[in-house]
There are 2 protein chains.
Amino acid sequence: MEKIESKQFSAGTKLPSENELANRYGVTRMTARAALSKLEERGYIYSKQGKGRFLKEESMQIQLHLTGKVSFTEKMEQAGYDLETRLISCEKIGFEEKVYKLLNCEPIDHVYKVSRIRIIDGQPMAIHNSFVSEKMFPDIEKERTGISSMFAYYRKHGHTEFASSKTMLGISFPTSKEQQLLHCQSMVPLIIVENDCIDAATGEVLEHTRILYRSDKFKYDITM
Amino acid sequence: MEKIESKQFSAGTKLPSENELANRYGVTRMTARAALSKLEERGYIYSKQGKGRFLKEESMQIQLHLTGKVSFTEKMEQAGYDLETRLISCEKIGFEEKVYKLLNCEPIDHVYKVSRIRIIDGQPMAIHNSFVSEKMFPDIEKERTGISSMFAYYRKHGHTEFASSKTMLGISFPTSKEQQLLHCQSMVPLIIVENDCIDAATGEVLEHTRILYRSDKFKYDITM
DNA sequence: ACACAGCCACTTGGCAACAAGTTAGGATGA
DNA sequence: TCATCCTAACTTGTTGCCAAGTGGCTGTGT
């Protein structure tokens with residue numbers, strides 16, 4: 001039904017009005033409205049009352065090697081992007097069986113969630129969540145505001161070599177909070193990548209990470 | 001706004017009616033309707049006029065190692081799933097610069113698109129598109145109906161060892177045709193994996209593949 | 001006591017009229 | 001001639017009412 005949009009014009013060109021689309025395709029205005037709303041929720045167009053609907057400019061897609069060992073920061077700086085990482089929150093979380101198990105924690109242990117947002121060329125692109133146990137890093141509560149790079153933080157605690165566990169990829173949609181942080185609509189899929197960071201020397205699990213990427217901003221390279 | 005659904009009941013439990021939701025959250029019925037429609041388009045719920053809205057049963061997610069070298073068929077049979085692959089179409093395509101370039105073809109050459117659907121335990125899960133040049137396989141037109149496994153077809157033509165090129169991953173939404181084939185709603189994201197299959201001996205590009213996975217049916221393992 | 005028809009309350013689906021914002025053009029007046 | 005205001009014709013946004021489908025309850029006749 002919304003095959004009209006596949007013609008893919010560019011820039012801020014104006015779309016036909018609801019009534020025009022309805023007449024042209026022999027449907028009611030409500031049907032045309034629903035189709036256009038879908039496009040709006042996917043982030044392809046925007047609408048202004050009294051004016052019309054317009055195509056958003058297509059933002060470039062950044063190529064990202066998902067399976068690599070290099071850190072996100074290094075990848076982006078190496079590719080010449082202006083990356084800023086901002087701390088959103090660092091809070092104790094309630095009991096989550098999955099995370100606790102991965103960190104070898106009991107229900108009475110405390111686990112912190114360190115949330116940071118990745119901003120590239122002024123655009124928020126991903127949310128990086130690190131789950132860290134207080135058991136492993138007792139000073140996490142005090143250090144909370146000063147954390148910029150997790151790797152730097154771990155090095156300060158004597159961990160030098162890192163390894164990665166099995167990494168899983170899934171798709172989800174942003175919560176309203178995540179929509180605000182990422183400046184995106186409710187129907188923009190997020191790519192969720194989860195794995196653990198392990199101290200290569202001792203085998204200890206340092207953190208569990210859950211990264212939420214805006215699926216429309218990246219082209220993911222998963223070559224082995 | 002649709003945070004109510006995150007409570008995640010299970011099975012075919014009935015949801016509160018539009019009016020009840022509207023009253024409870026102090027919004028209009030249209031707003032509640034819009035939120036519920038989103039959930040319906042994502043494939044989480046279904047609605048019956050006169051009865052109400054109900055949760056769909058959550059279908060299991062199949063774990064799939066995306067970066068592996070083993071073929072999809074082998075992966076699934078090894079894991080004990082009942083996999084059926086059905087040929088949808090095998091047609092000449094118009095000129096597409098990207099595909100033609102990858103296959104080392106000129107605009108006058110003919111390229112075929114072999115479309116097959118992967119059905120696991122009776123449920124359509126993925127669409128597998130192979131782009132093959134007539135230059136490389138002159139009998140493709142005649143063989144079109146008899147193709148079940150692409151690898152078997154290539155072996156018949158003397159190619160024995162295969163390699164894979166760079167593999168790219170992206171997200172998209174299904175066209176109405178793809179919705180029919182995959183039995184899914186319009187807002188179910190598809191994971192698109194693209195790469196080339198190369199004859200390891202000669203280095204020739206045999207095919208370009210574009211696989212469309214239903215994102216809600218798989219958990220993807222991208223461990224290196 | 002039981003069968004059945006009709007009615008009512010509830011559900012989702014759909015539509016039509018209205019509201020609100022924008023723009024362009026023409027009438028009016030200095 | 002030019003500035004200003006008003007109106008009309010568009011756009012999207014919102015509201016309310018009615019249609020259609022379902023199930024349960026009740027009254028009525030046998």
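We name chains A, B, ... by the order of the sequence lines, and we start the count at 1 in each one.
Looking at A:R29, its side chain has no donor and acceptor atom pair within 3.5 Å of the base of C:dG14. If you check distances only, the side chain of B:R33 never reaches the base of C:dG14 with a donor-acceptor pair under 3.5 Å.
Straight-line distance from the CG atom of A:L36 to the P atom of D:dT12: 8 Å, rounded to whole Å. Atom pair B:N19:CG and C:dT12:P shows a separation of 7 Å (rounding to whole Å applied). Following rounding to the nearest Å, A:L39 (CG) and D:dT12 (C1') show an atom-to-atom distance of 15 Å. Put simply, CD on B:E20 is 18 Å from P on C:dA9, counting in whole angstrom units. If you measure from atom CE of B:M30 to atom P of D:dC17, you get 14 Å, rounded to the nearest angstrom.
For the OP1/OP2 pair of C:dT11 and a distance below 4.0 Å, the side-chain nitrogens and oxygens of B:S17 include at least one atom meeting the criterion.
Ring-plane geometry between B:F72 and B:F218 is classed as perpendicular, the angle between the planes exceeding 60 degrees on a 0 to 90 degree scale with a lower cut at 30.
Contact of the A:L182 side chain with the A:L190 side chain is registered, since non-hydrogen atoms from C-beta on lie closer than 4.5 Å.
The nucleotide whose nearest atom lies closest to any side-chain atom of B:R53 is, among D:dT12, C:dC15, C:dT12, C:dT12. Picking from C:dG13, C:dC15, D:dT12 the nucleotide with the shortest atom distance to the side chain of A:E18 gives D:dT12.
Take the nearest nucleotide of DNA chain C for B:K14 and for A:T28: the residue whose nucleotide is more 5' is B:K14.
A side chain to side chain contact (heavy atoms under 4.5 Å, CB included) with A:Y220 is found for one member of A:I191, A:I62, A:V193 and no other, namely A:I191.
End-to-end axis angle of the helix from C:dA1-D:dT30 to C:dA30-D:dT1, using five pairs per end and rounding to 10°, comes to 40°.
The minimum heavy-atom distance linking B:G43 with B:K56 is given by the pair O-CD, 3.3 Å.
Between the A:K75 side chain and the A:H65 main chain, a donor and an acceptor come within less than 3.5 Å of each other.
Contacts of B:M30 classified as side-chain contact (heavy atoms from CB on, under 4.5 Å), with partners at least two apart in sequence or in another chain: B:T28, B:R33.
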Within the sub-3.5 Å range, which N or O atoms of nucleotides 19-21 of chain C have a protein N or O partner, and how far apart are they?
unit_1 : atom_1 : unit_2 : atom_2 : d
C:dA20 : N3     : A:Q49  : OE1    : 3.1
C:dG21 : N2     : A:G50  : O      : 3.1

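Salt-bridge annotation for B:R118 and B:E84: absent, with no side-chain N of the basic residue lying under 4.0 Å from a carboxylate O of the acidic one.
Both tests hold for B:R42 against A:F173: distance to the six-membered ring centre under 6.0 Å, angle to the ring axis within 45°.
Judged purely by distance below 3.5 Å, without hydrogens or angles, the side chains of A:S164 and A:N195 pair a donor atom with an acceptor atom.
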